[in-house]
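Below, chains carry the letters A, B, ... as their sequence lines are ordered, and counting in each starts from 1.
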2 protein chains.
Amino acid sequence: MEHKTNDVSRRERDCLVVLEEETKDNFPMRLHQIADSLGVKPPTALNVIKRLEHKGLARSRGGMVVLTESGDRAARSILLVHRTFESLLCQSGVPENSACVEAAEVDFIIQESDARLILKKIGNPKYCPHGKPISERDRE
Amino acid sequence: MEHKTNDVSRRERDCLVVLEEETKDNFPMRLHQIADSLGVKPPTALNVIKRLEHKGLARSRGGMVVLTESGDRAARSILLVHRTFESLLCQSGVPENSACVEAAEVDFIIQESDARLILKKIGNPKYCPHGKPISERDRE
DNA sequence: TAATATCATTAGTGTAATACTAAAATATGG
DNA sequence: CCATATTTTAGTATTACACTAATGATATTA
């Protein structure tokens, strides 16, 4: 019915990305830590996490939260779209900081398949303007 | 505080665009007509219109609705972004219909200034894939 | 003009995402 | 075992969206 397979809201996107970046060491995040990262109170963060769990994107036990396989894929997809769009904007002449902000407005909406095609069109840059690798193969 | 100057929701965008396209002859739209175009019931459409009025984008009297100057500008801006993004997607290899659907997901979010820069980067096409003029100067 | 049909509007619900406070339940560490 | 920290529940609020049902207003037309 809906647009994306992994249809996430803005805040859910924030949460996915934070989890993706903070659990690379295989340690889960604590609720309060997530709340701090999102800049909201713990009950609000808990709410977001419950929605993610409901969608099969995260799992939690006693305040310890991890991404599922599916959540990990969703997060990487979002990052790919983000960095692709960011690169497009920068190549077009949008200042780096502005590009990042703008990319964050759409990175959870634009389809990964579209982003991959755009990526090719703009010359398959390996890194986004911030220097982060774009493809999920060469992760930091 | 927010992202866009003319920050409109998805449904408000739909309403703006419908009004823009259906009031070219300077005749206002009726509520029920708007409701039909949006595929919602009149009370729902009325609600959307009230939000637009509140934002200074539309005016209505006795069920007759028109865009304000500001609303007209907002609608054109959205169309410019839509057609630009659509063109980008098509040039990248996304099928036309798909491109249109995807563009509709972001045309009310991406900034006009960004779109103008992207437009230049992709070679300043005069028309979108559907053949509609992109620049607001040469309107149909 | 009066009756009917059409259209607009109000009122009342309901869902989803977002966010808060306050309080209660659970850990955790001494 | 107690104090602190953390999680969780409960309750409230806002915005966008959408509905039904009822009411109000305005036509059209018989």
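- Atom-to-atom, CG of Leu31(B) to P of dA25(D) comes out at 16 Å; the value is rounded to the nearest Å.
- Straight-line distance from the CD1 atom of Ile49(A) to the P atom of dA19(C): 13 Å, rounded to whole Å.
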Practice task
Report the C-alpha separation of Leu52(B) and Leu16(B) in whole Å, then their side-chain angles, then the decisive distance to 0.1 Å, and conclude whether the side-chain contact (heavy atoms from CB on, under 4.5 Å) test is met.
Solution key: CA-CA 8 Å; Leu52(B) 290 179; Leu16(B) 281 178; 4.1 Å; yes
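- Atom-to-atom, NZ of Lys55(A) to P of dA16(C) comes out at 11 Å; the value is rounded to the nearest Å.
- For the pair Glu105(B) and Arg10(B), the salt-bridge criterion is met [side-chain N within less than 4.0 Å of a carboxylate O].
- The separation between Leu46(B) atom CG and dT9(C) atom P is 5 Å, rounded to whole Å.
- Among the nucleotides dA18(D), dT6(D), dA16(D), the one closest to the side chain of Val40(B) is dA18(D).
- Among the heavy atoms of the strands lying under 4.0 Å from Ser9(B) are primed sugar atoms or P, OP1, OP2 only; no base atom is included.
- A salt bridge links Glu12(A) with Lys55(A); the closest basic N to acidic carboxylate O contact falls under 4.0 Å.
- Looking at heavy-atom distances under 4.0 Å, Asn47(B) makes no contact with the nucleic acid at all.
- Taking atom CZ on Arg61(B) and atom P on dA25(D), their separation rounds to 17 Å, with Å as the unit.
- Side chain of Arg30(B), nearest nucleotide from dA19(C), dA8(C), dT10(C): dA8(C).
- For Arg10(A), no side-chain nitrogen or oxygen approaches OP1 or OP2 of dA17(C) to under 4.0 Å.
- For the pair Glu22(A) (side chain) and Leu19(A) (backbone), a donor-acceptor distance under 3.5 Å is absent.
- Relative to the side chain of Lys50(B), the nucleotides dA17(C), dT10(C), dA8(C) differ in distance, and dT10(C) lies closest.
- Ile34(B) has its CD1 atom 14 Å from the P atom of dC7(C), to the nearest Å.
- Rounded to an integer number of Å, the gap from His32(B) NE2 to dA27(D) C1' is 12 Å.
- Atom CD of Gln111(B) sits about 4.0 Å away from atom CD of Glu102(A), to the nearest 0.5 Å.
- Side-chain proximity of Pro43(A) to the nucleotides dA10(D), dC7(C), dA18(D) is greatest for dA10(D).
- In this structure, Lys41(A) places its NZ atom 23 Å from P of dA17(C), rounding to the nearest Å.
- Nearest nucleotide to the Thr44(A) side chain, out of dC20(C), dT7(D), dA16(D): dC20(C).
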